[in-house]
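This report concerns only the one structure given below.
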Amino acid sequence: MSDKDIQKSFEKSAERMRGDSKTFGSQLTSEDYNDPILHEDIHKRVKVDYEAIDKMPSMEEIHKWQREHIKKNDQSKEGYPLNVIIDPAMREMYQVVHSADMTNVFDRFSQQQPIQCKFCIEGLSCQLCANGPCRINSKVPRGVCGVDAHTMVARNFMYRHVTIGTSANIFHAHQAARTLRAAGEHPESGLKIRDPEKLKKYADMAGLDANKDINKVAVEFAQWVIDDIHSEYHIPSKSVEAFAPTRRKELWKKLGLFPGGGYSEVAYAQTSCMTNFRSDPVEFLLNSVRLGIANEYQGLFLLDIIQEILMGTQKIAMKKQNMGLLKENMINIVTNGHMPLLAHVAIDLASTDEWQQKAKDAGANGMQILGHVCEGQQLMNYSGTHDQKGYGGQEGEWLSQEYLLATGVVDLFMFDYNCTVPTMPLFAKRFGTKLLSTHPVIKLQGTETLDFVPEKMKEQAEKALNKAIEAFKERKASDRKTYIPPHVSDCMVGFSTESVREALGGSFDPLIEQIANGNIRGIATIVGCTTARYGQGGSNVFKIAKGLIENNILVLSGGCTSAVMEYTGLTNPKAADEAGEGLKAVCKQLGIPPVLTYGACVDIGKMTHTAKELADALNVDTNKLPLVIGAPEYLEQKAVADACTAVALGWLVHVAPVPSITGSDVVVKTLTETTETLGLGKVVVEMDAEKTIQIYVDHIEKKRKELGLS
């Protein structure tokens with residue numbers, strides 16, 4: 001059979017399956033793909049005009065505009081997306097990219113709206129077997145195999161969201177543990193143990209001998225973590241046993257939710273999702289909660305601890321954020337993703353006189369590494385990196401990365417996982433940026449990928465810096481036009497369990513006292529992503545946070561939501577004046593803002609640690625705390641896994657937009673009601689910011705009443 005015959009067989013198969021003679025794919029052109037090789041003329045074709053845009057005013061005026069903007073509720077299709085985007089730098093750069101007719105995230109959202117599938121939105125679509133894809137409605141209530149709506153929705157929820165999110169966080173923890181092990185075994189790697197006391201503390205909690213040489217402790221603790229992650233699913237997790245709240249562990253064992261090894265848990269769960277395996281929707285949902293526990297204690301919690309050991313525990317400080325930190329005559333390196341393990345070694349090197357001189361020899365004033373997305377939040381918070389000469393600040397949320405490259409001054413964009421969008425090779429080619437993947441788990445077309453070898457991190461960091469120097473030389477030789485939006489926000493960062501406790505004088509008692517006397521009514525964590533949706537784009541996060549602090553609710557942020565809090569001024573101590581009288585007084589007394597940024601989305605693990613310590617201090621279970629978890633603009637699978645963690649710990653968790661669960665009233669009822677009757681938490685879905693604020697306030701007041709507080 002010739003290649004031509006094989007091609008025809010594919011076409012015939014498509015015709016037989018779809019009922020027409022052309023596939024959608026056959027109608028796409030080279031312009032519709034992200035491979036930069038297919039866009040040879042992109043520099044000539046894409047004309048960029050940095051002048052014909054509406055420039056934003058000073059940050060003081062921007063903050064006034066942002067507050068007036070959210071009062072209008074003008075976030076409909078008309079005027080989109082500038083009626084949604086509230087980041088001043090992104091507003092300017094969106095206009096540049098849109099006018100150049102380049103693909104970008106907000107325009108793609110608009111293009112997708114007419115063709116988005118209602119079946120998928122409700123979770124009523126299945127593509128697991130060759131009889132499909134199947135879709136369910138009132139006239140066709142079952143798939144070909146016989147699956148009903150309740151099972152289809154519940155299975156999709158676990159398979160498409162929770163297993164992927166859990167595996168991503170556990171994989172991240174595994175890579176961090178590999179790095180800690182390399183730090184102990186290979187001092188030449190450039191890795192350091194910056195918080196040895198934390199290492200000793202958690203090694204001791206794990207049952208290891210913490211009095212050995214610190215390098216040996218690092219190796220043994222790292223191996224303990226790796227072994228637990230790789231353990232079998234029916235063997236109770238040592239990490240959960242060592243670090244989870246005692247009362248919660250008893251409940252999880254009673255409900256059959258106590259997990260085993262993380263990787264095995266994911267394998268077990270995905271196996272149960274195969275066609276014609278499990279059909280009980282409630283079992284899928286309870287399994288999701290079990291995965292949520294593994295997600296926390298073998299994922300988020302462990303990776304936070306290990307990264308702090310390697311990079312330094314958070315330290316409260318004033319730092320800067322946004323695109324105005326880029327410098328025309330500097331070598332600008334942006335590191336993107338969630339795992340800043342290579343980046344912090346690169347910052348160590350870039351901070352030396354040797355590498356700064358290399359930058360000057362190339363004609364630059366110097367070299368700086370800036371973080372973007374959650375990686376930027378981590379670098380800005382970790383005490384071991386944020387005071388170094390080679391560190392430049394935090395750039396923005398995930399929505400801004402295409403617009404960031406469009407400035408034309410980003411010389412190297414290095415990335416691990418996740419949140420690097422597939423169109424970056426096109427923007428890199430058009431605007432002269434070199435791309436470098438620092439982990440093989442993420443590969444983009446036409447982009448070099450480094451293997452992840454912790455033992456060789458110094459060598460790999462040197463390669464990245466040299467690549468940036470060459471890119472800067474090419475940028476200057478090309479003499480191309482560039483534009484840097486001048487906007488920069490001053491923000492207080494570095495909050496964590498330890499730094500908050502230290503700021504309170506070494507105990508959480510002062511915070512508990514302020515909660516007890518009602519100055520602080522409770523705590524809300526606003527975490528996760530931002531989305532391109534109408535009514536979101538950062539605006540939903542901002543409006544909710546603003547309403548909560550006005551109601552004397554202290555807000556903790558993590559993830560891309562932290563960027564929103566930063567460019568709207570809510571992480572500046574001056575924002576205390578916008579809080580209710582009780583919270584305002586506390587913030588002014590302590591010199592802190594009403595929104596405390598804990599860093600990245602993965603730093604939710606630190607928030608749960610803070611909550612555990614508060615519960616221990618009050619001698620109550622975690623579900624008794626006046627606390628709400630909010631993901632008002634959640635985007636992807638890790639956020640859903642994190643929501644399952646919150647349910648496992650007994651908390652109310654708010655998510656928006658609505659997850660793909662509305663196709664089954666059983667699934668909705670189980671997640672929003674039944675789980676609470678089991679001693680677990682529950683999910684609430686609400687898009688409207690005003691209603692969301694009231695939900696948070698009502699729940700916190702309910703929990704205060706249960707604790708006997710006024």
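Both backbone and side-chain heavy atoms feed into the values below; hydrogens, waters and symmetry mates do not. Just so it is clear, the structure is predicted and the values come from calculations on it, not from any experiment.
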query = Distance from Tyr391 atom OH to Ile369 atom CD1, nearest 0.5 Å?
reply =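 Atom-to-atom, Tyr391:OH and Ile369:CD1 are 11.0 Å apart.
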inquiry  = Within this structure, what is the CZ-OG distance for the pair Phe413 and Ser437, rounded to the nearest 0.5 Å?
reply    =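 Atom-to-atom, Phe413:CZ and Ser437:OG are 11.0 Å apart.
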With a 4.0 Å cut-off, would you call [X] and [Y] a salt bridge?
X: Lys319; Y: Glu566; answer: no
X: Arg45; Y: Glu40; answer: no
X: Glu448; Y: Lys434; answer: no
X: Asp603; Y: Lys606; answer: yes
X: Asp348; Y: Lys192; answer: yes
X: Asp353; Y: Lys389; answer: yes
X: Glu633; Y: Arg533; answer: no
X: Glu328; Y: Arg475; answer: yes
X: Arg430; Y: Glu402; answer: no
X: Lys588; Y: Asp577; answer: yes
X: Lys64; Y: Glu68; answer: no
X: Lys473; Y: Glu470; answer: yes

Indicate yes or no: at least one non-hydrogen side-chain atom of [X] is less than 4.5 angstrom from one of [Y].
X: Leu436; Y: Thr447; result: no
X: Leu370; Y: Thr335; result: no
X: Glu395; Y: Leu325; result: yes
X: His344; Y: Tyr382; result: no

message = Test your reading of the model: is there a side-chain donor-acceptor pair from Asn336 to the backbone of Cys419, 3.5 Å cut-off?
response =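 Yes: the side chain of Asn336 pairs with the backbone of Cys419.
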